[in-house]
Colleague: 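Sharing a structure below in structure tokens format, with a few things to ask.
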Amino acid sequence: MAHAMTPAVMAALHGRAFLGQGRGWSEAEFADLLDSPHVFAVGDSRAFALGRVIADEAELLTLATAPESLRQGLGRAALVAYETQAMARGAQTSFLEVAADNNAARALYEMAGYHEAARRTGYYRRDANAVDALILRRCLVATPQQARKSKR
């Protein structure tokens with residue numbers, strides 16, 4: 001059975017999900033983020049997404065899946081839940097940042113319709129190596145032109 005999402009549960013899962021990719025976020029960091037009325041969490045102790053909506057823009061702050069729960073569609077479900085909640089909060093566009101070497105996450109985001117909007121060269125430090133951060137963007141609401149295409 002999945003546990004309720006608390007900052008402690010989120011921090012524990014985040015640490016396991018990002019092992020070897022830098023440090024996981026602390027319980028205090030999750031608690032501070034969740035204190036904002038703009039920030040929300042969706043998911044459970046197997047996979048969750050943390051997002052923020054300000055005006056009509058959403059940002060996926062993090063998405064974490066437990067190592068033993070990979071390849072079960074839970075990350076995709078958390079991403080869909082994040083987008084659904086973001087749209088309910090008025091977001092029209094979603095942004096996220098992903099390490100260029102995180103192939104599994106990049107594949108998930110590409111399948112969901114995210115495209116590279118910008119790149120931060122050498123943003124992440126991995127021991128002696130630097131890895132680019134990719135800023136990805138996706139329109140959450142169909143424009144009239146996109147809606148016409150989908151009806152054909």
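Since the structure is predicted, the reported quantities are computational estimates derived from the model, not experimental observations.
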Colleague: Can you name the nearest heavy-atom pair linking Ala17 to Ala64, along with the distance?
Modeller: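 Minimum heavy-atom contact is CB-CB, 3.8 Å.
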Colleague: Output all residues satisfying side chain to side chain donor-acceptor pair (under 3.5 Å) with Glu97, sequence neighbours left out; order by chain, then residue number.
Modeller: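 Here the qualifying residues are Arg120, Tyr124.
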Colleague: Among all residues two or more places apart in sequence or in another chain, which pass the side chain to side chain contact (heavy atoms under 4.5 Å, CB included) test with His38?
Modeller: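 Counting only residues at least two positions away or on another chain, His38 forms a side chain to side chain contact (heavy atoms under 4.5 Å, CB included) with Ser36, Arg52, Ile54.
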Colleague: Does Thr62 have any side chain to side chain donor-acceptor pair (under 3.5 Å) partners at least two apart in sequence or in another chain, and if so, which?
Modeller: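 Residues passing side chain to side chain donor-acceptor pair (under 3.5 Å) with Thr62: His14.
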Colleague: Using the side chain to side chain donor-acceptor pair (under 3.5 Å) criterion, which residues pair with Arg119? Sequence neighbours excluded.
Modeller: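 Testing Arg119 for side chain to side chain donor-acceptor pair (under 3.5 Å), a comparison that skips the adjacent residues, returns Glu116, Asp132.
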Colleague: Which pair of non-hydrogen atoms, one from Val131 and one from Ala100, has the smallest distance, and what is that distance?
Modeller: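 Answer, listing the atom of Val131 first, then Ala100: CG1-N, 3.8 Å.
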Colleague: Could you check whether any side-chain heavy atom of Glu68 comes within less than 4.5 Å of a side-chain heavy atom of Arg16, counting everything from C-beta outward?
Modeller: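 A side-chain contact under 4.5 Å exists here.
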Colleague: For Leu34, what residues pass the side chain to side chain contact (heavy atoms under 4.5 Å, CB included) criterion, not counting sequence neighbours?
Modeller: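 Residues passing side chain to side chain contact (heavy atoms under 4.5 Å, CB included) with Leu34: Pro7, Met10, Val39, Ala41, Leu50.
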Colleague: Closer than 3.5 angstrom, by distance alone: can the side chain of Arg138 be matched with the main-chain N or O of Thr93 as a donor-acceptor pair?
Modeller: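 No; zero donor-acceptor contacts below 3.5 Å.
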Colleague: Apart from Phe95 itself, what residues make up its hydrophobic cluster, given side-chain heavy atom links below 4.5 Å?
Modeller: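 Listed partners: Ile135.
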Colleague: Taking all atoms of both residues into account, what is the closest heavy-atom pair of Asp44 and Leu13, and its distance?
Modeller: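 The pair with the smallest heavy-atom distance is O-CD2, 4.0 Å.
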Colleague: Might you point out which heavy atoms bring Ser45 and Val9 nearest each other, and give the distance in Å?
Modeller: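 Scanning both residues, the minimum pair turns out to be CB-CG1, 3.7 Å.
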Colleague: If you look only at pairs with a residue in residues 51-75, which of them pass as a ring pair (Phe, Tyr, Trp, His ring centres under 6.0 Å), with sequence neighbours excluded?
Modeller: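 As it turns out, there is no ring pair (Phe, Tyr, Trp, His ring centres under 6.0 Å) pair with a partner in residues 51-75 once direct neighbours are skipped.
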Colleague: Other hydrophobic cluster members with Leu74, side-chain heavy atoms of Ile/Leu/Val/Met/Phe/Trp/Tyr under 4.5 Å, chained?
Modeller: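 Result for Leu74 is none, singleton.
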Colleague: Within the distance-only criterion (no hydrogens, no angle test), does the side chain of Thr84 pair as donor or acceptor with the backbone N or O of Val80 below 3.5 angstrom?
Modeller: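 Flag set: sc Thr84 to bb Val80 pair under 3.5 Å.
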Colleague: Would you mind listing the cluster partners of Leu108? Hydrophobic ones only (ILVMFWY), side-chain contacts under 4.5 Å, chaining allowed.
Modeller: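 Reading the cluster by chain and number, Leu108 sits alongside Phe40, Val42, Val53, Leu60, Leu63, Leu79, Tyr82, Leu96, Val98, Tyr109, Tyr114, Leu134, Leu136.
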Colleague: Compare every heavy atom of Arg76 with every heavy atom of Ala112, then report the nearest pair and how far apart it is.
Modeller: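 In terms of heavy atoms, the two residues are closest at CB-NH1, 3.4 Å.
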Colleague: Which heavy atom of Glu27 sits nearest to which heavy atom of Ala11, and what is that distance?
Modeller: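 What the structure gives for the nearest pair is N-CB, 3.4 Å.
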Colleague: To which residues is Met111 joined in a hydrophobic cluster, defined by side-chain heavy-atom contacts under 4.5 Å among Ile, Leu, Val, Met, Phe, Trp and Tyr, whether direct or through other members?
Modeller: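 Result for Met111 is none, singleton.
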Colleague: Show me the pairs that pass salt bridge (Lys or Arg N to Asp or Glu O under 4.0 Å) and involve residues 28-41, at least two apart or across chains.
Modeller: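 Output for this query lists Arg23-Glu29.
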Colleague: How many angstroms lie between atom CG of Asn103 and atom CD of Glu110, to the nearest 0.5 angstrom?
Modeller: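 One gets 11.0 Å once the value is rounded to the nearest 0.5 Å.
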Colleague: Nearest 0.5 Å please: distance from the CD atom of Gln85 over to the CD atom of Glu83.
Modeller: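 Reported to 0.5 Å precision, the distance equals 12.0 Å.
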Colleague: Listed by chain and number, what are the side chain to side chain donor-acceptor pair (under 3.5 Å) partners of Arg137, not counting sequence neighbours?
Modeller: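 Applying side chain to side chain donor-acceptor pair (under 3.5 Å) to Arg137 gives none.
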